[in-house]
Enquirer: 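Here it is, the structure in full.
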Amino acid sequence: MADTIIKVEDLSKQYRLGEIGTGSLSHDLNRWWYKIRGKEDPYLKIGETNDRTQKGNSDYVWALRDINFEIKRGETWGVIGKNGAGKSTLLKLLSKITAPSTGLIKINGKMASLLEVGTGFHGELTGRENIFLNGAILGMKRKEIASKLDEIIAFAGVEKYIDTPVKRYSSGMYVRLAFAVAAHLDTDILILDEVLAVGDASFQRKCLGKMNDAATNHGKTVLFVSHNLSQVQGLCKYGMLLENGVLKTTGNINKVVGEYVLGNQQSTHIDVSQIPRVGPKSTDFFIRKLTFLSDVSNIYENEEIEFEIEFDCTASIQELVLGFSIKDTLDAALIECRSTSSIPTINIQKPGTYTITTKLNPKLAAGIYVLNIGARCLNGPLEYVPSVTNLEILPNNKEEIEEWNKPSAGIMLMPSIWTLK
Amino acid sequence: MQQENWTSVIESRSSISFYTLKEVWQYRDLLWMFVKRDMVTNYKQTILGPLWFFIQPALTTALFVFINKAAKTTTNGIHPILFYLIGVTAWSYFAECLTKTSTTFKDNAYIFGKVYFPRLILPLSIIVSGLLKFFIQFSLFLATLISFLIIGNTEVHIQPTILLIPVLIFIMAGLGLGGGMIITSLTTKYRDLALLIQFGVQLLMYGTLAVPLNSIKDPILYKIMLSNPMIPIINTFRQAFFNDTIFSLSNLLYSCLVMVILLLIGFYTFSKTEKTFTDTV
């Protein structure tokens, strides 16, 4: 049952930076000279990790470096990582669009990849003609498409327009039709690159449902890349985290998403002055530091967190209000707290550095959350600092920590009174 | 229970093994879809529609006839319009195969970057849709020939070599495909050669079609002319209808040989290039 369907061994991909011209020609000639003497490509020995924020001193970068993993039949995998982490490169290699620089990918089964929906759609052709064209590009036989045609049209919901050139379609209809073709592919392995980031919410749900069905009921293996963590968590059971072309973690999707969101930025003392501000900014006020007084790396459900905010005032400020909000990883604000709930008015009379402490039990269910802080005064907003730090709230039952599966059914864990008779 | 029977293995080394024609066969439906797409979309929203298939050879023939009158060159006793029309019709099939195939990677970089299918499908679809266009244009030649016969303006001597026409078409397709695949493979990274090709094909057209081979008296020039593998094909086309020269099997076999060599090199360079060209195109 659990046989390996994809096996990746020491996979690397090197790219050359800069333009193609005489400079690259001399490298190519050199490479060719090594090759005809039967030597190894000299440029594969150099190159650096792919950190695009730093200017490197080599023309070569490794978009992927020594990736190893194994996927078994019927598993659903999510690939996550920041922009430029190598996600798309990995998918390109897996779907045979470009060959790796070194390493092997072994595949056992029929594979289809959707790096984009509607590849090869031609505006002049009708919806029906495009279904056949697109299906053929994705590797379907004509007969196969014909037998699924009605199903595809119904899934896309474009019956009325099926004999109209697709250039007359609204962009939503276009995408629905394109995805409908892809959703009816009959393959063992399906590779998806953020294709679900299209269409309206109800169509997205429909697509996710279809993919889920393919994985759970038809035993298809799915590899899914997306920035939308909730989609990844919804569809995939396993995850792999790429960082600068290196495979950082693999395993349970929630664990991997957790590691991705938390990064390494969980510390007791946070230098807020370095974090970029958002929105209106007053010159009279500046948040400098945030210090956790409670243990930030071990917050359990229903436990209090306590922290201290240090700020500078360069002028007198009337009716200062400090506050913070807690958002989930999808940027939905869940909790807002203001200093007015225990100190009705703060009037800063003389410039200087002040600290304020706050304590609360967020009553949040186990998961990963983001803390944001801000301040305002009588005259309006002073400062807003988003994503000061992440908060990981751990489940109370410590055995679950390793394997905490799906986020709980709710966000809040409310105390409630129960009576058993 | 480690199984070692993988359906496919992707690796860095480009295998020298020749193109997996089996895979191309599996995707044959796609080939037809591309042909159909080309046919349908080519002349959509034009007023004259497929008539454009006729206008292009007609105007080119008119130009050649004009040059012929001005330069007083020979056409072996064939009426210049027929002499050039058959040449232009055959040549434009070869030229279309060559020039369109020679930009396969560049023109389809986007689709190739998004989905995998045997890349060879695209040049093959060019050959096939070109064939349909060729038949339409060839019917123009036949119609012109018949109308000349009715007016009594010309003499036609159909030769048994007319049966070689399918072979001639095949050789032209092979020459165009092979040459085009070599050019597209060489120009994905450095595009210099691509700039030469449009111009080169035009030049070669005049060299091939303007005068019949037997009118060349200079022996060196004759040898240079003969090294052009398209000359025996055009000659055979004319000979099949008008019997203006002696049919030379050895010349035609030379064209065949060039075709085989071009196709072998073409397949090889194409299958090497297709693996990583999306990185450099």
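Chain naming here is simple, since letters A, B, ... match the order of the sequence lines and numbering starts at 1 in each. Note that the structure is a prediction, hence the values are computed from the model and not measured.
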Enquirer: Is Leu11(A) in contact with chain B via its backbone, its side chain, both, or neither, using a 4.5 Å heavy-atom distance?
Expert: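 Answer is neither: Leu11(A) stays 4.5 Å or more from chain B.
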Enquirer: Is it true that atom CD of Gln198(B) has more than 12 heavy atoms of other residues, nucleotides or ligands lying nearer than 6.0 Å?
Expert: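 Open.
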Enquirer: Checking Val40(B) against chain A: side chain, backbone, both or neither under 4.5 Å from a heavy atom?
Expert: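 Contact with chain A: side chain only.
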Enquirer: Tell me whether the guanidinium CZ or amine NZ of Arg119(B) lies under 6.0 angstrom from the six-membered ring centre of Phe117(B) and within 45° of its axis.
Expert: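 Output yes; distance and angle both within limits.
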Enquirer: Using heavy-atom distances under 4.5 Å, tell me whether Lys141(A) contacts chain B through its side chain, its backbone, both, or neither.
Expert: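 Both parts, backbone and side chain.
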Enquirer: Out of curiosity, Phe69(A) CZ to Leu90(A) CG, how far, rounded to the nearest 0.5 Å?
Expert: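 Answer rounded to 0.5 Å: 5.0 Å.
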Enquirer: If you count heavy-atom pairs within less than 4.5 Å of chain B, which of Leu104(A), Leu93(A), Leu94(A), Leu91(A) leads?
Expert: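 Option with the top pair count is Leu104(A).
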Enquirer: One pair to check against salt bridge (Lys or Arg N to Asp or Glu O under 4.0 Å): Asp3(A) and Arg73(A). What are the steps and the verdict?
Expert: CA-CA 6 Å; Asp3(A) 52 337; Arg73(A) 192 176 297 275; 3.3 Å; yes
Enquirer: So what's closer than 4.5 Å to chain A heavy atoms on Tyr27(B): side chain, backbone, both or neither?
Expert: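 The side chain, not the backbone.
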Enquirer: Taking the six-membered ring of Tyr161(A), is the NZ or CZ of Arg168(A) close enough (under 6.0 Å from the centre) and on axis enough (within 45°)?
Expert: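 So Arg168(A) doesn't make the cation-pi contact.
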Enquirer: Return the option, out of Gly123(A), Gly135(A), Pro165(A), Gly109(A), with the maximum number of heavy-atom pairs under 4.5 Å with chain B.
Expert: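 Looking at each of Gly123(A), Gly135(A), Pro165(A), Gly109(A) in turn, Gly109(A) comes out on top.
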Enquirer: Heavy-atom cut-off 4.5 Å, strictly under: side chain, backbone, both or neither for Tyr15(A) against chain B?
Expert: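 Tyr15(A) touches chain B through side-chain heavy atoms alone.
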Enquirer: Given a strict heavy-atom distance threshold of 4.5 Å, which part of Ile145(A) is in contact with chain B: side chain, backbone, both, or neither?
Expert: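 Neither part.
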Enquirer: Between Tyr174(A) and Phe121(A), how do the two ring planes meet: parallel, tilted or perpendicular, split at 30° and 60°?
Expert: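 Tyr174(A) vs Phe121(A) ring planes: perpendicular.
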